[in-house]
Enquirer: 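A single structure is presented below for examination.
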Amino acid sequence: MKATFTDYVKHLMKIKTISEPTFLKDFEQESQQLHELKKLSRESPANKRTLIERDLLLLKHGIEGEAKVYYELKNSFIPMLCLHDIRIPYKDYYAQFDFVIITNKLIYILETKKLSGDIEVNGDGDFIRIIKNKHGNIIKKEGMYSPISQSERQVNILREVLLREELIKTLPIKSAVIIANPKSIINKTYSPNRIKEKLYKHDQIGQLLKTEMAKEKDRDILEKQQFNIARFLMEKHEPLKIDYAAKYAVHNIELIPEVELASAVDTIELDSKEKDIYAMLKAYRLETSRKGNLKPYWVFTNSELDEIVERRPRNIADLIAIKGFGETKAAKYGAAILEIVNK
């Protein structure tokens, strides 16, 4: 009989085992989604391949960033339990965590970003991405959604879930945003302290965790509690499954039998309707930015626009699930966006 994850955890709990970084849900360089997209790209007609290759590149980019974080965690020599890519149901949508670190002092959530260009955070806490050419000259500046707000929301969700299950009482839960592009320069000189304390390069992870654990020197939870938290998150984990053949309207290509379409992702057909939604959303963005004297990307960026059209959010919860949309932004623009998408 094949041992289950629960059996494995019960076995580990019988002895003192956490003497080094221990991944109970390990990092996978060749993920299921990557495998499916590669296969689809090879077998799709040329007119469909451009969109597939774009998503494939973005997925590879993200995996490369997470691989750097994984390496730093594995070589930190810190006794802790680690979970990679956890996705749990929360109210009407899902909460996704890149890395959950469970130590005997605290829980840490790490949100990984592998961004091109340099990152600057001003005194108001606004994130600005700076793109330079090969000569070092600035060719583009663009605002981006604060990943700090996203990580803070993740902390609140995880705390609420674990408290509800009575798995923690006073155990601290903290978060950090990890920039995993070694070429990126982070300028947080003038940023608020709450952002300075949560924004790091990937090679600073080990020192960050050691420093935060040292602050909790009087706290020491049992290994059993650490394993119980990890086991709960593993059991609640629901991997994202996307019917890519349907998403790109590619027919007669069987990727993996019985792949289900996750509720947060809608089927996409590349037709005139999609073009209409693009056009209406762009018109709304332009009008809104002019009325508010804003840069258009502060309303939503082009990548966020792509996500809206691809996912076709039906409600505010679906919209917030899109990276770049927090509660404040959704409250400002969500009603109008949903009206356009759902017409």
Enquirer: Can you sort out the partners of K105 under side chain to side chain donor-acceptor pair (under 3.5 Å), two or more places apart, ordered by chain and number?
Expert: none
Enquirer: Could you name each residue pair satisfying side chain to side chain donor-acceptor pair (under 3.5 Å) that touches residues 195-204, not counting sequence neighbours?
Expert: E152-K198
Enquirer: Which residues end up grouped with I185 if you chain together Ile, Leu, Val, Met, Phe, Trp and Tyr wherever their side-chain heavy atoms are less than 4.5 Å apart?
Expert: none
Enquirer: Who passes side chain to side chain contact (heavy atoms under 4.5 Å, CB included) against E307, sequence neighbours left out?
Expert: E310, R311, I322
Enquirer: Share the residues that join I320 in a hydrophobic cluster, the rule being Ile, Leu, Val, Met, Phe, Trp or Tyr side chains under 4.5 Å apart at the heavy-atom level.
Expert: I316, L338
Enquirer: Applying a strict under-4.5 Å side-chain criterion to I, L, V, M, F, W and Y, I'd like to know whether Y145 and F97 cluster together.
Expert: no
Enquirer: Could I get the full list of side chain to side chain contact (heavy atoms under 4.5 Å, CB included) partners for K332, not counting sequence neighbours?
Expert: T328
Enquirer: State which residue, out of N104, I229, L162, fulfils the side chain to side chain contact (heavy atoms under 4.5 Å, CB included) condition with L171.
Expert: I229
Enquirer: Which ILVMFWY residues can you reach from L58 by hopping between side chains whose heavy atoms are under 4.5 Å apart?
Expert: none
Enquirer: Using a strict cut-off of less than 4.0 Å between a Lys/Arg side-chain nitrogen and an Asp/Glu carboxylate oxygen, indicate whether E287 and K291 qualify as a salt bridge.
Expert: yes
Enquirer: Rounded at 0.5 Å granularity, tell me how far CD1 in I157 sits from CD1 in I173.
Expert: 11.5 Å
Enquirer: Can a donor-acceptor pair be found, under 3.5 Å and without considering hydrogens, that links the side chain of K25 to the backbone of D85?
Expert: yes
Enquirer: State which residues pass side chain to side chain contact (heavy atoms under 4.5 Å, CB included) with T211; sequence neighbours excluded, sorted by chain then number.
Expert: Q207, K215
Enquirer: Give every residue pair that meets the ring-ring contact (aromatic ring centres under 6.0 Å, His included) criterion with at least one member in residues 38-86, sequence neighbours excluded.
Expert: F23-Y70, F27-Y70, F27-H84, H84-F99
Enquirer: Would you please say whether a donor-acceptor pair under 3.5 Å links the side chains of N156 and R153?
Expert: no
Enquirer: Who pairs with E339 by side chain to side chain contact (heavy atoms under 4.5 Å, CB included), at least two apart in sequence or on another chain?
Expert: K343
Enquirer: Within a 6.0 Å radius of atom CZ on R290, are there more than 12 heavy atoms belonging to other residues, nucleotides or ligands?
Expert: no
Enquirer: Is there a donor-acceptor pair under 3.5 Å between the side chain of S41 and the backbone N or O of K38?
Expert: no
Enquirer: Is the shortest side-chain N to carboxylate O distance from K329 to E304 below 4.0 Å?
Expert: yes
Enquirer: Listed by chain and number, what are the salt bridge (charged side-chain N to carboxylate O under 4.0 Å, His left out) partners of E216, not counting sequence neighbours?
Expert: R219
Enquirer: Of all the heavy-atom pairs spanning L208 and A176, show the shortest one and how long it is.
Expert: CD2-CB, 3.8 Å
Enquirer: More than 12 foreign heavy atoms under 6.0 Å from CD of E327: is that the case here?
Expert: no
Enquirer: Among residues at least two apart in sequence or on other chains, which ones pass salt bridge (charged side-chain N to carboxylate O under 4.0 Å, His left out) with K183?
Expert: none
